[in-house]
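Counting from 1, the numbers follow the sequence of the chain as shown. For clarity, every value in this text was computed on a predicted model and none was experimentally measured.
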Amino acid sequence: MTPKSPLSRLAAGFTLLLSLALIAMVLLACVNVALRYIWQISLLWADETLVFGMIVLAFLGTIIVSIQNRHLRMELLTRALSGRASWALRLVELAVTAGVLGFTAWYSLAVTRRLWTRGTLSNMAEVPLWLINGAVLVGLTGMALVALAQLAGHLMRGRK
């Protein structure tokens, strides 16, 4: 991904948006702590909202990390292999990654649908839980699509 590509600009914009959301979450946590320890009052919904926010940030952020190919990976074996074997291992890695993420996203879709149809809300903030699980679904689907795109690119570049 080149620095000026549309995908790169989209990832940069999305990173900025998630960063601003994280800053807002830190401010909410600080306000809640100040209210609790100075005035002995608390925003009952704040802690739950912060947990949900971290879940959303984590799963949506993984799409950016996947696009930029900056996720954690064990490269010891890949570096030790020759060109062909390394290429084949990367092919298997991408296929398995896309498969596992696709399967997990499918399961997450079923859970999200169930939460939607039941109208399940969180206890304190009364957030519809399908929204939170929907972010998990979007993150898993996004990572699976990125892995498929990388797999296609890997196949088109061919063996070394």
Between CZ of F59 and OG1 of T141, what distance do you get to the nearest 0.5 Å? 11.0 Å

Is N32 close to S42 at the side-chain level, that is, under 4.5 Å between some pair of heavy atoms? yes

Are N123 and E48 packed together at the side-chain level, in the sense that at least one heavy-atom pair is separated by less than 4.5 angstrom? yes

Ignoring hydrogens, what is the shortest heavy-atom contact between L137 and A105? Give both atom names and the distance. CD1-O, 3.2 Å

L17 versus F14: any side-chain heavy-atom pair under 4.5 Å? yes

Take V138 and I63 through the test side-chain contact (heavy atoms from CB on, under 4.5 Å) and record every step on the way to the result. CA-CA 9 Å; V138 169; I63 299 170; 4.1 Å; yes

R113 atom CZ: more than 12 heavy-atom contacts under 6.0 Å: no

Would you check if I64 and L18 make a side-chain contact, meaning some heavy-atom pair closer than 4.5 Å? yes

Atom CH2 in W106, atom OG1 in T104: separation rounded to 0.5 Å? 13.5 Å

With rounding to the nearest 0.5 Å, note down the distance linking OG1 in T112 to CD1 in I132. 10.5 Å

Verdict with supporting geometry, Q150 and T97, side-chain contact (heavy atoms from CB on, under 4.5 Å): CA-CA 11 Å; Q150 290 173 344; T97 298; over 6 Å; no

Donor-acceptor pair, side chain of S122 and main chain of V127, under 3.5 angstrom: yes

At their closest point, which heavy atom of L121 faces which heavy atom of E126, and how far apart are they? CD2-O, 3.7 Å

For residues S108 and L140, report the shortest heavy-atom separation together with the two atoms involved. CB-CD1, 4.0 Å

In Å, rounded to the nearest 0.5 Å, how long is the span from CZ of R90 to CG of L151? 9.0 Å

Step by step, work out the side-chain contact (heavy atoms from CB on, under 4.5 Å) result for L28 and L43. CA-CA 9 Å; L28 176 59; L43 303 173; 3.9 Å; yes

So if you build clusters from Ile, Leu, Val, Met, Phe, Trp, Tyr with side-chain heavy-atom gaps below 4.5 Å, do F103 and L109 land together? no

Please work out whether the ring planes of H154 and W87 are parallel, tilted or perpendicular, with thresholds of 30° and 60°. parallel

Any side-chain heavy atom of M54 sitting closer than 4.5 Å to one from L22? yes

Are I55 and V51 packed together at the side-chain level, in the sense that at least one heavy-atom pair is separated by less than 4.5 angstrom? yes

